[in-house]
Structures are given as structure tokens and as C-alpha cells.
Amino acid sequence: MSNRYDDFLALHARGNPLLLPNPWDVGSARLFASLGFGALATTSSGAAAARGLADGELGADGAIAHVGEIAAATDLPVSADLENGFADDPAAVAALVTRAAGAGAAGCSIEDWDPVRERIYDSDLAVERIAAAVVAARSSRIVLTARAENHIRGRDELADTMRRLTAFAAAGADVVYAPGITAREDIAAVVAAVERPLNVLARPGLPPLAELAELGVRRVSVGGAFAFAAYAAAAAAATEFRDAGTYGFTAAAADGVAAIQRAFDAS
């Protein structure tokens with residue numbers, strides 16, 4: 001545990017980006033570990049859906065319980081999606097970072113979106129929140145990722161995103177994250193402007209991994225995409241069963257059984 005900060009941060013070295021799948025339960029965590037990934041991250045939307053909740057409804061206690069489950073499921077470092085820290089107050093955000101570390105997280109992310117008022121936090125408050133989170137992360141020896149949410153909240157303001165990420169880096173964030181940026185030139189601009197490893201989110205239009213590596217991206221995560229791809233496959237199988245009365249889905253199910261057996265045998 002004492003080396004989890006150094007070990008996790010070392011995975012963000014230049015070269016091939018760290019690929020960070022986002023499991024939504026213990027089984028998917030063990031599956032992704034068996035496929036050779038070097039680290040995991042929780043997903044607020046996927047974890048909420050697994051509990052029959054909408055994104056944003058997991059709550060602080062649910063998020064901490066979830067990261068504890070995922071961290072205990074494998075030997076891989078896990079970054080906790082702590083949304084906005086479930087609080088406006090910087091001290092409360094810092095306290096949650098400390099709780100995540102206690103639950104076994106090797107890292108965590110804090111975003112600048114206020115879900116109650118449905119707005120991006122004022123820049124000064126956003127930086128204060130990250131600065132407080134950094135102090136807690138340093139004390140707990142975990143990696144702090146600071147997220148600028150503009151581009152998934154209807155604000156395609158690259159200049160503001162770059163200012164925020166630069167300020168977050170100056171406040172001590174180890175990694176910066178701007179989910180929603182996909183244009184090659186935008187990614188290159190952020191990498192050049194911010195002297196911290198950049199995480200991007202897998203989305204339609206994002207350049208292939210080889211191009212991201214050339215651009216200097218250090219980490220790529222998928223958010224809830226794997227979880228919802230699995231739900232889409234389940235919905236398609238159930239629809240075939242209900243409407244067509246056929247069993248084509250059993251071929252994919254057999255592949256799934258084999259994958260899980262390999263994963264569980266490996267662990």
C-alpha cells in the first residue's frame with residue numbers, strides 16, 4: 001500500500017497510453033484484470049446502473065463502498081470516480097479523498113461540475129476544491145486526477161478548459177482529464193499547455209490509440225461505455241428471446257462463460 005502512489009503514477013509514463021477500463025462490479029473487474037490491463041477505474045454511471053440507480057445517484061457512501069469492492073477484487077491499482085466529491089466545500093471534498101484512500105483506491109478523480117445547480121463551478125472555487133483534494137491525496141499517497149467537465153456539459157470552450165487544467169496542475173494535480181475533447185488539434189493543444197499526464201475519454205471521433213500516443217496522451221479510459229455495451233447486449237438477447245423466440249444469443253453467452261471461467265481461474 002505504501003508504494004501505490006508511485007506504482008500507479010509510473011503507469012502514466014510517456015509512450016503507449018495507459019488503458020484504463022472501468023468495471024462496474026467485481027466480476028467485470030476480475031474479467032478486465034485477466035485480459036492484461038495494468039489498472040482499473042470505477043465508473044459512477046456503471047456502478048449506479050448496476051444498483052438500479054441513475055448516474056449521479058450513487059452518493060458518497062455508495063461510491064466508497066464500490067471502490068472498496070473493486071480494489072479488493074484484484075491486485076491492480078484502482079482509481080475511484082468520486083464525481084464532484086459529493087460536496088461543494090473543499091474540506092468535504094478532501095475528506096472524501098481520504099475515505100477513498102482508506103477503501104483501497106490508488107487514485108481518484110474530482111470534477112468541476114456541480115450537479116445540484118447543473119453548472120460548472122466558478123474557476124476559483126474549482127481550483128480551491130482541487131487544491132484541498134491534493135493535500136488529502138498527498139497525505140494518503142494516492143494519485144489525484146482533476147477533471148474539467150466543459151466538453152460533456154455543453155460548453156465547448158477549449159480555452160477555458162486549458163486554463164482550468166493548467167490551474168489544477170499548478171495546484172498539484174497529478175493527472176488532468178478533459179472528457180469530451182476528441183479533435184486531434186484540441187488534444188495536442190492541451191498536451192502542450194498542461195505539464196501533467198492527460199487522460200481522455202473513449203468517445204466517437206477520438207483518434208485511434210496509436211495517434212493518441214503520438215500526441216502525448218498518457219491515459220485513456222472508457223467511463224461507463226463497457227457497462228452499457230454489456231447492458232445493450234443483454235437487451236438485444238432478451239429482445240430476441242421475447243420477439244423472435246430464437247436462441248442466437250446462446251453463442252455469445254458461451255463465449256462469456258468461457259471468458260469468466262478464464263478470469264476466475266486466473267485469480
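No experiment lies behind these values; they were computed from the predicted model shown.
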**Q** Heavy atoms, side chains only, cut-off 4.5 Å: are Ile187 and Val217 in contact?
**A** yes
**Q** What heavy-atom pair brings Ala73 and Ala29 nearest, and what distance separates the two atoms?
**A** CB-CB, 4.1 Å
**Q** Classify the ring geometry between Tyr231 and Phe228 as parallel (under 30°), tilted (30 to 60°) or perpendicular (over 60°).
**A** tilted
**Q** Is it the case that Asp156 and Asn150 place a side-chain donor and acceptor less than 3.5 Å from each other?
**A** no
**Q** Under a 3.5 Å distance rule, please check whether Arg203 uses its side chain to pair with a backbone N or O of Val222 as donor and acceptor.
**A** no
**Q** One pair to check against side-chain contact (heavy atoms from CB on, under 4.5 Å): Gln261 and Phe264. What are the steps and the verdict?
**A** CA-CA 5 Å; Gln261 286 178 336; Phe264 291 0; over 6 Å; no
**Q** Arg4 vs Asp7, test: salt bridge (Lys or Arg N to Asp or Glu O under 4.0 Å). Steps then yes/no.
**A** CA-CA 5 Å; Arg4 61 183 173 180; Asp7 292 345; over 6 Å; no
**Q** Can a donor-acceptor pair be found, under 3.5 Å and without considering hydrogens, that links the side chain of Arg129 to the backbone of Asn84?
**A** yes
**Q** Output yes when a side-chain donor or acceptor of Glu211 lies under 3.5 Å from a complementary backbone atom of Pro208, and no otherwise.
**A** no
**Q** Do Arg196 and Phe168 meet the cation-pi criteria used here (NZ or CZ under 6.0 Å from the six-membered ring centre, within 45° of the axis)?
**A** no
**Q** With a sphere of 6.0 Å drawn around CG of Asp88, does it hold more than 12 non-hydrogen atoms of other residues, nucleotides or ligands?
**A** yes
**Q** Go through the steps for Arg119 and Asp112 under the test salt bridge (Lys or Arg N to Asp or Glu O under 4.0 Å), then give the verdict.
**A** CA-CA 9 Å; Arg119 62 178 178 82; Asp112 63 355; over 6 Å; no
**Q** Just wondering, do Leu165 and Met162 contact through their side chains at under 4.5 Å, heavy atoms?
**A** no
**Q** May I ask whether Val200 and Val194 are part of the same hydrophobic cluster, defined by side-chain heavy atoms of I, L, V, M, F, W, Y residues being less than 4.5 angstrom apart, directly or through others?
**A** yes
**Q** Kindly give the heavy-atom pair with the smallest separation between Leu82 and Ala100, and that separation in Å.
**A** CD1-CB, 4.0 Å
**Q** Between Pro90 and Ala132, what is the shortest heavy-atom contact and its length?
**A** O-CB, 3.4 Å
**Q** Any heavy-atom pair between the side chains of Asn22 and Thr42 that's under 4.5 Å?
**A** no
**Q** Under the 3.5 angstrom rule, does the side chain of Arg153 hit a backbone N or O of Ile120 as a donor-acceptor pair?
**A** no
**Q** Quick one about Arg218 and His12 (side-chain donor to acceptor, distance below 3.5 Å, no hydrogens or angles considered), yes or no?
**A** no
**Q** In Å and rounded to the nearest 0.5 Å, what is the CG to NE2 distance from Asp160 to His151?
**A** 8.0 Å
**Q** To the nearest 0.5 angstrom, please state how far the CG atom of Leu206 sits from the OG1 atom of Thr182.
**A** 6.5 Å
**Q** Measuring from atom CG of Leu9 to atom CG of Leu144, what distance do you get when rounded to the nearest 0.5 angstrom?
**A** 11.5 Å
**Q** Classify the angle between the aromatic ring planes of Phe37 and Phe32 as parallel (below 30°), tilted (30 to 60°) or perpendicular (above 60°).
**A** perpendicular
**Q** Ignoring hydrogens and angles, tell me if any N or O in the side chain of Thr250 forms a donor-acceptor pair with the backbone of Ala253 under 3.5 Å.
**A** no
**Q** Measure across Thr74 and Ala33 and return the closest heavy-atom pair with its distance rounded to 0.1 Å.
**A** CG2-CB, 3.7 Å
**Q** Could you check whether any side-chain heavy atom of Ile260 comes within less than 4.5 Å of a side-chain heavy atom of Leu31, counting everything from C-beta outward?
**A** yes
**Q** Checking salt bridge (Lys or Arg N to Asp or Glu O under 4.0 Å) for the pair Arg99/Asp61: CA distance, chi angles, key distance, verdict?
**A** CA-CA 10 Å; Arg99 288 183 64 191; Asp61 291 344; 3.1 Å; yes
**Q** Please assess Phe241 against Phe249 for the test side-chain contact (heavy atoms from CB on, under 4.5 Å), listing each intermediate value before the final yes or no.
**A** CA-CA 8 Å; Phe241 184 46; Phe249 56 85; 3.8 Å; yes
**Q** Donor-acceptor check, side chain of Asp186 to backbone of Ile181, threshold 3.5 angstrom: yes or no?
**A** no
**Q** Determine, for Glu69 against Arg51, whether the closest basic-nitrogen to carboxylate-oxygen distance falls under 4.0 angstrom.
**A** yes
**Q** Take Val190 and Leu158 through the test side-chain contact (heavy atoms from CB on, under 4.5 Å) and record every step on the way to the result.
**A** CA-CA 9 Å; Val190 173; Leu158 184 65; 4.0 Å; yes
**Q** Applying side chain to side chain contact (heavy atoms under 4.5 Å, CB included) between Val175 and each of Asn199, Leu18, Leu198, report the one that passes.
**A** Asn199
**Q** Between Leu40 and Ser79, does a side-chain contact (heavy atoms from CB on, under 4.5 Å) hold up when you go through it step by step?
**A** CA-CA 6 Å; Leu40 304 171; Ser79 184; over 6 Å; no
**Q** Salt bridge check, Asp265 against Arg262: does any charged N sit closer than 4.0 Å to a carboxylate O?
**A** no
**Q** Nearest 0.5 angstrom please: Arg147 CZ to Arg164 CZ, how far?
**A** 13.5 Å
**Q** At what distance, to the nearest 0.5 angstrom, does CD of Glu83 lie from CH2 of Trp113?
**A** 12.5 Å
**Q** Which is it for Thr145 and Arg219 under the side chain to side chain donor-acceptor pair (under 3.5 Å) test, yes or no, and what are the steps along the way?
**A** CA-CA 11 Å; Thr145 298; Arg219 194 169 89 185; 3.2 Å; yes
**Q** Phe226 versus Ser28: any side-chain heavy-atom pair under 4.5 Å?
**A** no
**Q** Answer yes or no: are there more than 12 heavy-atom neighbours, outside Asp75 itself, under 6.0 Å from its atom CG?
**A** no
**Q** Indicate yes or no for a side-chain donor-acceptor contact from Ser221 to the backbone of Gly223 under 3.5 Å, with no hydrogens or angles considered.
**A** no
**Q** Are the side chain of Glu240 and the backbone N or O of Gly248 linked by a donor-acceptor pair below 3.5 Å?
**A** yes
**Q** State, with a plain yes or no, whether a side-chain heavy atom of Ile110 is found less than 4.5 Å away from one of Val93.
**A** yes
**Q** So Asp6 and Arg141, do their side chains get closer than 4.5 Å, heavy atoms only?
**A** yes
**Q** Which distance, rounded to the nearest 0.5 Å, do you find between the CG of Leu11 and the CG of Leu20?
**A** 9.5 Å
**Q** Scan side-chain atoms only and decide if Ser140 and Tyr5 contain a donor-acceptor pair under the 3.5 Å cut-off.
**A** no
**Q** Can you find a side-chain donor-acceptor pair between Asp81 and Ser44 that sits under 3.5 Å?
**A** yes
**Q** Is any side-chain heavy atom of Leu212 closer than 4.5 Å to one of Arg184?
**A** no
